[in-house]
K.L.:
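Shown below is the structure under consideration.
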Amino acid sequence: MVNFRYLLFAVLLSMPVVSSAQKLVPVAKAYSQTSVNTAVFRNNSLVTHKGWQYIAFYDADGYLTLGKRKQGKDKWQIERSQYRGKVQDAHNVISIMLDGNGYIHVSFDHHGNALKYCRSVAPYSLKLGDLMPMTGVDEKDVTYPEFYYLKGGDLLFAYRSGASGRGNLVMNRYDAKSQKWTRLQDILIDGEKKRNAYWQLYVDGKGTIHVSWVWRETWMVETNHDLCYAKSDDGGKTWKRSDGSLYQLPINKDNAEYACIIPQNSELINQTSMSTDADGNPYIATYWRSADSDVPQYRVVWHDASGWHNQQVSDRKTPFTLKGGGTKMIPVARPRMAVDGNKAFYIVRDAERGSKVSMYYTDDIHSGKWQLSDLTDFTVNAWEPSIDSELWKQKRRLQIFVQNTMQGDGEKTVRTEPQMVCVLEVEK
């Protein structure tokens, strides 16, 4: 396999130029007729554990495939599993995580169907065992499976039980010592059978769990509204607002803390990303359109000692409208954000820039001064960013899952040849 090195100098429309030296490490060709390998809500697509990086994707034939490499090396060990996904539906993503004992946990192929969960047959093995239940409760109508690593080697698993417009956020916890799952919250965020929460979640360096979400009133994306917040500093048992006051669970539209009021029909997107600074202050990456504009802009919403704030990141020129249901082919990707002190890295894809992998960057996140550069010199079409979250937390190294994928609007495929999956190593 070949290593590609890029020294990229972006030509910007209205912002300063940042030059970046990047390394793109190829893995294998994989399915690309939908964005199922590159949806932003993959948690995770890449995971580093004890010096080894692990990756998951659907191969050219739709089989769940795992790989691993020693960090700093370019050669991957690849293992096709016995499991095949419904790759024509971009909701049916693969999410992975390693527990403290080195077992790989995998959940995949969900869009309102029974839980599909398994783990490796041995620590650090790429071979997967049989499908199994977690708790056996609320596992018949699963969408958006996500794993998060907790201090001590336990895992958090979050998913939606129910459907768009009438679903609830459920949480399980895995005990690495007993190798068993238990229920943390049956209904953490309650849609009251009238709406559902589309969330983004982050576990910070102190172990605090942060979750933010938009409400959606129906399955139609234009009914997204508002941005809410909660946190837990006891592993998900109890939940607080940003001021430390306790929630009476479940959280619903009436008792939720509102970080930002955003009306319906504002082109507010769902399922983006979060990060925190060293003090545990939350930062939420998203986009919406101001009432006096028809152009959606990337934004960051954050909390500090003085309260909630929001700031425009981008200076986009091209309008678009979010309408309807199903996976949309949107001219911009949902953003992925990483914060390091006052520095912030905000990864996107925008048709205005030829749909390349691009990144906004600032040395002072509160100043409002953002620079922008392209990290690839090729288009990635329907790709959205997912990063190696554990490598970022461990070493502040930014590595991104990259594949050129297509997506037809409303759960349609676009005929195309399998495209190379790569890991983009960003030299900050």
Side-chain angles (χ1 to χ4, degrees), residues 8 10-15 32-42 89-91 93 198 200 214 216 219-225 262 264-273 284-300 312-337 345-361 370-386 400-416 419 424:
L8 305 175
V11 180
L12 309 180
L13 295 176
S14 59
M15 302 185 73
S32 60
Q33 296 184 44
T34 67
S35 59
V36 69
N37 277 329
T38 59
V40 75
F41 45 82
R42 292 195 62 189
D89 184 338
H91 290 81
V93 300
Y198 281 94
Q200 42 277 331
V214 303
R216 184 185 290 187
W219 78 296
M220 309 291 273
V221 66
E222 61 265 33
T223 66
N224 286 346
H225 64 93
I262 308 161
Q264 293 186 42
N265 297 295
S266 296
E267 277 61 68
L268 172 65
I269 194 59
N270 50 277
Q271 293 166 287
T272 55
S273 66
I284 307 163
T286 186
Y287 67 74
W288 73 82
R289 172 184 57 80
S290 298
D292 59 354
S293 173
D294 60 357
V295 180
Q297 301 289 353
Y298 286 114
R299 304 173 193 269
V300 58
Q312 184 171 315
V313 173
S314 65
D315 186 22
R316 302 188 64 259
K317 308 300 183 186
T318 309
F320 65 86
T321 301
L322 298 178
K323 297 287 184 185
T327 301
K328 313 302 293 178
M329 183 53 216
I330 304 172
V332 301
R334 288 169 284 194
R336 176 74 62 175
M337 189 176 186
F345 307 87
Y346 195 106
I347 308 160
V348 302
R349 178 258 307 160
D350 193 336
E352 283 190 357
R353 303 185 63 79
S355 294
K356 301 171 185 177
V357 179
S358 301
M359 185 172 72
Y360 294 91
Y361 167 78
W370 293 84
Q371 299 175 311
L372 175 62
S373 69
D374 295 326
L375 302 182
T376 67
D377 61 358
F378 56 86
T379 183
V380 287
N381 285 296
W383 167 90
E384 293 184 313
S386 61
I400 309 168
F401 183 107
V402 173
Q403 187 195 18
N404 179 13
T405 56
M406 307 297 286
Q407 180 63 53
D409 199 60
E411 244 56 80
K412 296 177 182 176
T413 61
V414 177
R415 192 171 184 84
T416 187
Q419 299 292 312
L424 179 62

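Values in this document were obtained by computation on a predicted structure and should not be read as measured data. Hydrogens, waters and symmetry mates play no part in the numbers below; they use all other heavy atoms, side chains included.
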K.L.:
Is a salt bridge present between R289 and D294, judged by a nitrogen-to-oxygen distance below 4.0 Å?
P.N.:
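Answer for the salt bridge query: no.
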
K.L.:
Distance check, rounded to the nearest 0.5 Å: W383 atom CH2 versus N404 atom CG?
P.N.:
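If I round to the nearest 0.5 Å, the distance is 11.5 Å.
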
K.L.:
Between atom CH2 of W370 and atom CG of D315, what is the distance when rounded to the nearest 0.5 Å?
P.N.:
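Answer for the CH2-CG pair, W370 versus D315, is 14.0 Å.
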
K.L.:
Is any side-chain heavy atom of M220 closer than 4.5 Å to one of K323?
P.N.:
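No, side chains not in contact.
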
K.L.:
Do Q407 and T34 have side-chain heavy atoms sitting under 4.5 Å apart?
P.N.:
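Of all side-chain heavy-atom pairs linking T34 with Q407, at least one is under 4.5 Å.
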
K.L.:
Of all heavy-atom pairs between V414 and G408, which one has the smallest distance, and what is that distance?
P.N.:
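Closest approach of V414 to G408: CG2-N, 3.5 Å.
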
K.L.:
Is any side-chain heavy atom of V36 closer than 4.5 Å to one of D89?
P.N.:
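When only atoms from C-beta onward are counted, V36 and D89 do not touch, as no gap falls below 4.5 Å.
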
K.L.:
Quick one: is the NZ or CZ of R42 closer than 6.0 Å to the six-membered ring centre of F401, and within 45° of its axis?
P.N.:
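Here R42 passes the 6.0 Å and 45° test against F401.
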
K.L.:
Hey, mind stepping through I347 and I400 against side chain to side chain contact (heavy atoms under 4.5 Å, CB included) and telling me if it holds?
P.N.:
CA-CA 9 Å; I347 308 160; I400 309 168; 3.8 Å; yes

K.L.:
How close do V214 and N270 get, heavy atom to heavy atom, and via which atoms?
P.N.:
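Minimum heavy-atom contact is CG2-CB, 3.7 Å.
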
K.L.:
Any donor and acceptor pair, going by atom type alone, linking the side chain of R316 with main-chain N or O of T318 inside 3.5 Å?
P.N.:
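Looks like yes, one N/O pair under 3.5 Å.
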
K.L.:
Stepwise, does the salt bridge (Lys or Arg N to Asp or Glu O under 4.0 Å) test hold for K356 with D377?
P.N.:
CA-CA 7 Å; K356 301 171 185 177; D377 61 358; over 6 Å; no

K.L.:
Is there a side-chain contact between D374 and V357 in this structure, where contact means two heavy atoms from C-beta onward sitting under 4.5 Å apart?
P.N.:
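Counting from C-beta outward, D374 and V357 never come under 4.5 Å.
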
K.L.:
Quick check against the 3.5 Å criterion: does Q312 have a side-chain atom that pairs as donor or acceptor with the backbone of S314?
P.N.:
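Checking the backbone N and O of S314 against the side chain of Q312, a donor-acceptor pair under 3.5 Å is found.
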
K.L.:
Should Q419 and N37 count as side-chain neighbours, where that means a heavy-atom distance under 4.5 Å?
P.N.:
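Not touching, per the 4.5 Å side-chain cut-off.
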
K.L.:
Do the side chain of Q200 and the main chain of T272 share a donor and acceptor less than 3.5 angstrom apart?
P.N.:
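A pair under 3.5 Å: yes.
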
K.L.:
List the steps and the verdict of side chain to side chain contact (heavy atoms under 4.5 Å, CB included) for E267 and L322.
P.N.:
CA-CA 5 Å; E267 277 61 68; L322 298 178; 4.2 Å; yes

K.L.:
Less than 4.5 Å apart, any side-chain heavy atom of T405 and any of V380?
P.N.:
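When only atoms from C-beta onward are counted, V380 and T405 do not touch, as no gap falls below 4.5 Å.
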
K.L.:
Closest heavy-atom contact between F41 and Q271?
P.N.:
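Looks like CD2-NE2, 3.6 Å.
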
K.L.:
Please test T376 against R349 for side-chain hydrogen bond (donor to acceptor under 3.5 Å, both in side chains), starting from the C-alpha separation and ending with a verdict.
P.N.:
CA-CA 10 Å; T376 67; R349 178 258 307 160; over 6 Å; no

K.L.:
Kindly indicate whether the side chain of V348, heavy atoms from C-beta on, has any atom under 4.5 Å from the side chain of M359.
P.N.:
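No - every pair of side-chain heavy atoms lies 4.5 Å or more apart.
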
K.L.:
Can you find a pair of side-chain heavy atoms, one from Y198 and one from I269, that are under 4.5 Å apart?
P.N.:
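Not touching, per the 4.5 Å side-chain cut-off.
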
K.L.:
I need the minimum non-hydrogen distance between P385 and R334, along with the two atoms involved.
P.N.:
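Distance-wise, the nearest heavy atoms are CD-O, 3.2 Å.
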
K.L.:
Identify the heavy atoms of A333 and E384 that sit nearest to each other, and give their distance.
P.N.:
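Scanning both residues, the minimum pair turns out to be CB-CG, 3.7 Å.
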
K.L.:
Please find the pair of heavy atoms, one from T379 and one from N381, that lie closest to each other, and give the distance.
P.N.:
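Scanning both residues, the minimum pair turns out to be OG1-N, 3.2 Å.
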
K.L.:
Say you draw a straight line from OG of S358 to CD of E352; how long is it, rounded to the nearest 0.5 Å?
P.N.:
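Rounded to the nearest 0.5 Å, the OG-CD separation comes out at 10.5 Å.
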
K.L.:
Between Q403 and S32, is the side chain to side chain contact (heavy atoms under 4.5 Å, CB included) condition met? List the steps.
P.N.:
CA-CA 8 Å; Q403 187 195 18; S32 60; 3.9 Å; yes

K.L.:
Please answer whether the main-chain N or O of M337 pairs with a side-chain N or O of S273 as donor and acceptor at a distance below 3.5 Å.
P.N.:
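It does hold such a pair.
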
K.L.:
Hey, what do you get for OG (S35) to CE (M406), rounding to the nearest 0.5 Å?
P.N.:
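Spacing of OG (S35) from CE (M406) equals 11.0 Å.
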
K.L.:
Report the distance from atom NE2 of H225 to atom OG of S266, rounding to the nearest 0.5 Å.
P.N.:
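These two atoms lie 10.5 Å from each other.
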
K.L.:
How long is the span from the CH2 atom in W288 to the CG atom in L268, to the nearest 0.5 Å?
P.N.:
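The CH2 atom of W288 sits 7.5 Å away from the CG atom of L268.
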
K.L.:
Please work out which of the three classes, parallel, tilted or perpendicular, describes the rings of Y361 and F345, given edges at 30° and 60°.
P.N.:
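Aromatic pair F345/Y361 classed tilted.
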
K.L.:
Does Y346 reach the main-chain N or O of R299 with its side chain, forming a donor-acceptor pair under 3.5 Å?
P.N.:
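Side chain of Y346 to backbone of R299: a pair is present.
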
